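Notes for the one structure printed next.
Keep in mind it's a predicted model, so treat the numbers as computed, not measured. We name chains A, B, ... by the order of the sequence lines, and we start the count at 1 in each one.
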Number of protein chains: 2
Amino acid sequence: MNSKPRYQQVKDYVLAQLESGALQAKDRVPSENELVEKMNVSRMTANRALRELNDEGLLVRIAGVGTFVADFKATSHVLEVHNIADEIKRRGHEHAALVLQLSRQHARGEIARALQLGQGEDVFHILVVHRENDIPIQLEDRYVRAMFAPDCLEQDFAVITPSAYLSNISPLQEAEHSVQAAMPNAAVTRHLRMKAGEPCLLVMRRTWSRGLPVSFARLHHPGSRYELTGRFAPANSGNNEYTQFSELGRREQ
Amino acid sequence: MNSKPRYQQVKDYVLAQLESGALQAKDRVPSENELVEKMNVSRMTANRALRELNDEGLLVRIAGVGTFVADFKATSHVLEVHNIADEIKRRGHEHAALVLQLSRQHARGEIARALQLGQGEDVFHILVVHRENDIPIQLEDRYVRAMFAPDCLEQDFAVITPSAYLSNISPLQEAEHSVQAAMPNAAVTRHLRMKAGEPCLLVMRRTWSRGLPVSFARLHHPGSRYELTGRFAPANSGNNEYTQFSELGRREQ
DNA sequence: TGCACTAGCCTGTATATACAACCAAAGGAA
DNA sequence: TTCCTTTGGTTGTATATACAGGCTAGTGCA
């Protein structure tokens with residue numbers, strides 16, 4: 001009862017190894033000829049399967065070398081915003097991070113629900129202020145499921161951002177976002193050096209790996225200084241890539 | 001000096017007709033066999049070209065019938081938010097729109113810059129409040145380049161949303177977004193029935209057609225009631241489609 | 001008239017074959 | 001050693017061929 005096209009079967013075969021973790025980021029994926037033998041298809045069929053997975057951003061193919069698993073950062077479009085340090089550096093500015101808190105806690109309430117944890121399961125709580133040229137632009141309030149990140153407390157999140165650390169330890173991810181405007185409380189206002197009465201842009205992000213929620217983050221940004229921008233261009237002749245809601249930009253004004 | 005692969009040449013051939021307007025939404029695109037003759041390629045090559053344009057959302061292919069130009073709404077992912085009426089109806093709620101203003105104006109300042117207009121060129125100004133179950137959720141403050149929409153003043157934007165009207169008259173589009181948190185002025189506060197001191201989520205959108213900016217919109221949403229959500233899932237086995245920052249959701253709380 | 005069937009066009013997939021281009025590693029020459 | 005060449009594996013593209021399956025319009029029969 002397998003009516004799926006054969007190229008899809010090949011895609012599923014590779015996808016299964018990606019999702020099970022058998023293939024990690026940057027690992028080598030079976031070559032077209034290996035798939036021809038293993039799956040008993042023609043090379044054109046294997047080629048189509050790998051090519052489509054490449055087009056979808058899951059694999060990276062290098063002519064003459066081979067096919068490799070893309071790391072999450074490379075695959076992501078929407079989530080390029082993931083690593084704010086890279087965004088800042090891309091603008092040619094200086095990034096600095098100040099770690100306000102790094103501790104192990106029992107999850108409860110909203111955090112436990114967001115991460116689908118049983119009561120009492122542990123999470124790491126990371127609180128970091130990110131600065132662009134010494135101006136605070138993001139307060140990162142992140143909770144990471146402890147069992148996924150045993151060495152979390154040893155990290156120096158002033159050097160490696162939490163999101164970069166997470167993409168290292170969990171190879172393939174999904175993410176949910178929500179963006180809203182909100183009034184910050186006193187602590188957020190202070191950490192971001194915001195004026196009284198100034199709203200903030202609050203991005204909430206939940207990331208998943210292998211079907212399980214790994215991390216939940218509340219990202220506060222000062223509303224007067226920051227905006228989320230993006231461009232959608234359906235297949236411009238020259239430019240096949242499209243950028244989507246990807247830049248967390250410091251607003252110029 | 002044409003080193004482009006031939007399937008890309010076929011794609012470019014079709015794309016040129018899309019962008020020039022020679023092919024409009026829902027028009028029939030040359031069949032594979034027609035392209036075989038016209039472009040002197042094999043059917044497999046023509047197939048790849050049309051298949052990729054289909055995967056990119058620009059064409060719709062129906063086995064046994066033919067290939068057709070997708071209308072913009074169907075192609076869009078990020079821009080499903082485009083039509084707030086559809087979003088509301090998808091949630092099973094009632095949409096109502098109140099037209100506050102509909103007039104022809106001379107563009108100036110920010111509007112002229114955003115639409116890249118010469119001084120004195122005319123725009124239509126549309127101001128509409130969108131309600132979900134009688135609760136205001138969006139104040140749409142839109143400017144449309146007059147030469148693109150000659151019959152704009154005859155439209156009833158309580159029945160057809162401005163974005164739906166625009167996708168009808170300009171078949172293929174690009175869009176730029178910016179999302180920020182801001183404090184509304186008195187008029188916005190009143191139209192959206194917001195409490196004093198409540199921030200709003202401000203989405204600014206600029207749409208393009210055939211390389212020219214067509215429309216510029218400021219969309220205010222009450223911060224306490226609304227959020228922008230999205231999910232990015234790289235190729236779940238069953239679900240090849242991904243939703244991206246696509247829903248303008250009424251927050252439940 | 002009304003219905004069933006068929007011919008023809010369309011897309012979708014699969015394969016075998018071919019050649020080009022790229023790259024890395026091995027091997028040979030200076 | 002260092003540099004150059006070769007060689008084999010890899011992806012990228014292009015074609016001819018084949019068959020399956022969906023849809024439409026027209027044909028012909030009742």
Side-chain angles (χ1 to χ4, degrees), chain A residues 1-15 17-18 23 26-71 74-75 235 237-238 240-241, chain B residues 1-15 17-18 23 26-71 74-75 238 240-241:
Chain A
M1 201 42 231
N2 204 344
S3 60
K4 276 192 185 176
R6 309 198 62 180
Y7 76 88
Q8 186 61 52
Q9 296 176 32
V10 177
K11 288 178 71 173
D12 289 344
Y13 172 79
V14 176
L15 274 172
Q17 298 189 51
L18 292 181
L23 283 175
K26 303 194 180 175
D27 278 359
R28 181 183 208 114
V29 170
S31 76
E32 296 181 358
N33 282 319
E34 287 169 339
L35 288 173
V36 165
E37 294 205 353
K38 243 176 264 191
M39 307 283 297
N40 205 37
V41 296
S42 72
R43 188 173 83 88
M44 283 304 297
T45 301
N47 175 275
R48 175 169 177 181
L50 294 181
R51 175 158 44 85
E52 290 192 359
L53 290 172
N54 174 71
D55 292 343
E56 291 163 17
L58 292 165
L59 302 180
V60 173
R61 314 197 75 197
I62 306 176
V65 182
T67 304
F68 305 89
V69 180
D71 55 355
T75 70
S237 340
N240 250 339
E241 201 77 0
Chain B
M1 201 44 230
N2 204 343
S3 60
K4 275 193 185 176
R6 309 200 63 180
Y7 75 89
Q8 186 62 51
Q9 296 176 31
V10 177
K11 287 178 72 173
D12 289 344
Y13 171 79
V14 176
L15 275 172
Q17 297 189 51
L18 292 182
L23 284 176
K26 304 192 179 176
D27 277 0
R28 182 184 208 113
V29 170
S31 76
E32 296 180 359
N33 281 319
E34 288 170 338
L35 288 172
V36 165
E37 294 203 353
K38 244 177 264 191
M39 308 282 298
N40 206 37
V41 296
S42 72
R43 187 172 83 90
M44 284 305 296
T45 300
N47 175 275
R48 175 168 176 181
L50 293 182
R51 175 158 44 85
E52 290 192 0
L53 289 172
N54 174 71
D55 292 344
E56 291 164 17
L58 292 165
L59 301 180
V60 173
R61 314 197 74 197
I62 306 175
V65 182
T67 304
F68 305 89
V69 180
D71 55 356
T75 70
N240 249 339
E241 203 75 1

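Think of the region where chain A sits on DNA chain D: with heavy atoms and a 4.0 Å cut, that region ends 5' and 3' at dG9(D) to dA14(D).
Applying the side chain to side chain contact (heavy atoms under 4.5 Å, CB included) criterion to Glu34(B), with sequence neighbours excluded, gives Pro30(B), Ser31(B). Gln17(B) pairs by the side chain to side chain contact (heavy atoms under 4.5 Å, CB included) definition with Tyr13(B), Ala22(B), Leu23(B), not counting sequence neighbours. With sequence neighbours excluded, the residues forming a salt bridge (Lys or Arg N to Asp or Glu O under 4.0 Å) with Arg43(A) are Glu32(A), listed by chain and number. For Phe68(B), the side chain to side chain contact (heavy atoms under 4.5 Å, CB included) partners at least two apart in sequence or on another chain are Arg28(B), Ile62(B), Val65(B). Under the salt bridge (Lys or Arg N to Asp or Glu O under 4.0 Å) criterion, Arg6(A) pairs with no residue at all, not counting sequence neighbours.
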Letter per nucleotide, 5' to 3', of nucleotides 18-24 of chain C [B base touched, S only sugar-phosphate touched, - untouched; heavy atoms, 4.0 Å]: B---BB-
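Across all non-hydrogen atoms, the minimal contact from Val69(B) to Leu59(B) is CA-CD2, 4.0 Å. Here the shortest heavy-atom pairing between Arg51(B) and Arg61(B) reads N-NH1, 4.0 Å. Across all their heavy atoms, Ala70(A) and Gly57(A) have their closest contact at CB-O, 3.5 Å.
Between Asp12(B) and Gln8(B), the side chains place a donor N or O and an acceptor N or O closer than 3.5 Å (distance only, hydrogens not considered).
Residue-environment remark: NZ (Lys26(A)) stays at or below the threshold of 12 foreign heavy atoms within 6.0 Å.
Taken residue by residue, residues 28-38 of chain A places heavy atoms nearer than 4.0 Å to DNA chain D at Arg28(A), Ser31(A), Glu32(A).
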